[in-house]
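To keep things clear, I will list the structure first and then write my remarks on it.
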Amino acid sequence: MGVSHSSKEAWERESRTDFWWRQMQEGFMNKSDFNWDQIKQLHQRFRLLSGDQPTIRPENFDNVLDLESNPIRSRIVRAFFDNRNLGRGTGGIAEEINFEDFVTIISYFRPLRSRRNKEEAEMYRREKLRFLFNSYDQDGDGIITLQEYRRVVEDLLSANPQVEPAWVRSIANSIARGALKEAARASNQPAEKGQPYQGITFEDFIKTWQGIDLEVKMQVSFLNLEAKALCQ
């Protein structure tokens, strides 16, 4: 698209030209499902977050007030740099992201356009669920294990300092086991008799989210990300 930058000088020079902004408008509006005013607003916030640098690194999120008290702050930040979410392969974490990457991640939280047909809506819903699945599947092996699910729930419950750690672990373990049991029932390939269900695959994950409104569960008001979708 021609909007990547190799240096701060190039970023400052190019981002002040009408040609650069036209490239932005043509590329991002088609790809991200944002309107032009929203893209310009996101661009301003990207520059503020990056310190007017061409890329953002994880430490740039340290001063974001919306994330300061979020119990899954580290997971949210990690999602911005997860190569799977950026379309760069099956795993690993990027050291930095540019504005295009930033918009790509934010776009996972955009609601569906009413004019999309059923096929497009299902495809977009699947993409949003893949993004959510990746938040659980931290090792990138394609399976959410009991331990991975339990850690997410523990993160969410431990936000309350008045809650006893032992209680958090007990409840988290119960919720995680229940989630795996539900996925096992939904699976087309149940485990053999006597063999435990090893973990939630993406296809089983989709089935457990049938009937749940992702437009309510996954929203973003610039980094004020909702955590509740992770504990369903």
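Numbers for residues simply follow the sequence, beginning at 1.
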Using the test side-chain hydrogen bond (donor to acceptor under 3.5 Å, both in side chains), find all partners of [X] that sit at least two apart in sequence or belong to another chain.
{"X": "T208", "value": "none"}
{"X": "D82", "value": "R84"}
{"X": "R151", "value": "none"}
{"X": "Q138", "value": "R78"}

Kindly say whether [Y] contributes a backbone atom to a donor-acceptor pair with the side chain of [X] at under 3.5 angstrom?
{"X": "N134", "Y": "F131", "value": "no"}
{"X": "N83", "Y": "R88", "value": "no"}
{"X": "E148", "Y": "T145", "value": "yes"}
{"X": "D52", "Y": "R47", "value": "no"}
{"X": "Y108", "Y": "N85", "value": "yes"}

Qualifying residues under side chain to side chain contact (heavy atoms under 4.5 Å, CB included), relative to [X], sequence neighbours excluded:
{"X": "I206", "value": "R126, L129, F202, E203"}
{"X": "D155", "value": "I72, R75"}
{"X": "E59", "value": "R57, D62"}

(request) Answer whether the closest heavy-atom distance between the side chains of F102 and L49 falls below 4.5 Å. (result) yes

(message) Can you confirm whether D101 sits close enough to I105 that some side-chain heavy atom of one is under 4.5 Å from a side-chain heavy atom of the other?
(response) no

Using distance only, find each side-chain donor-acceptor pair of residues 165-176 under 3.5 Å and give its atom names and separation, not counting sequence neighbours.
residue	atom	partner	partner atom	Å
N173	OD1	R150	NH1	2.7

Minimum heavy-atom distance [X]-[Y], with the two atoms named:
{"X": "A183", "Y": "I200", "value": "CB-CG1, 3.7 Å"}
{"X": "L132", "Y": "W209", "value": "CD2-CZ2, 3.3 Å"}
{"X": "Q53", "Y": "F46", "value": "O-CE2, 3.8 Å"}

(request) Say whether I143 and F205 are linked into one hydrophobic cluster, either directly or through other cluster members, by side-chain heavy-atom distances under 4.5 angstrom. (result) no

(request) Go through the steps to decide whether K207 and Q210 satisfy the test side-chain contact (heavy atoms from CB on, under 4.5 Å), and finish with yes or no. (result) CA-CA 5 Å; K207 294 170 187 174; Q210 287 180 353; 4.2 Å; yes

Quick one: [atom1] on [X] to [atom2] on [Y], what's the gap to the nearest 0.5 Å?
{"X": "Q38", "Y": "I106", "atom1": "CD", "atom2": "CD1", "result": "11.5 Å"}
{"X": "Y149", "Y": "E154", "atom1": "OH", "atom2": "CD", "result": "13.0 Å"}
{"X": "R185", "Y": "L180", "atom1": "CZ", "atom2": "CG", "result": "11.0 Å"}
{"X": "K181", "Y": "L146", "atom1": "NZ", "atom2": "CG", "result": "10.5 Å"}
{"X": "T55", "Y": "N60", "atom1": "OG1", "atom2": "CG", "result": "7.5 Å"}

(message) Looking at R177, I want to see if its CZ is surrounded by more than 12 non-hydrogen atoms of other residues, nucleotides or ligands under 6.0 Å.
(response) no

(request) Verify side-chain contact (heavy atoms from CB on, under 4.5 Å) between F80 and I56, making sure each step is shown before the conclusion. (result) CA-CA 10 Å; F80 277 83; I56 286 176; over 6 Å; no

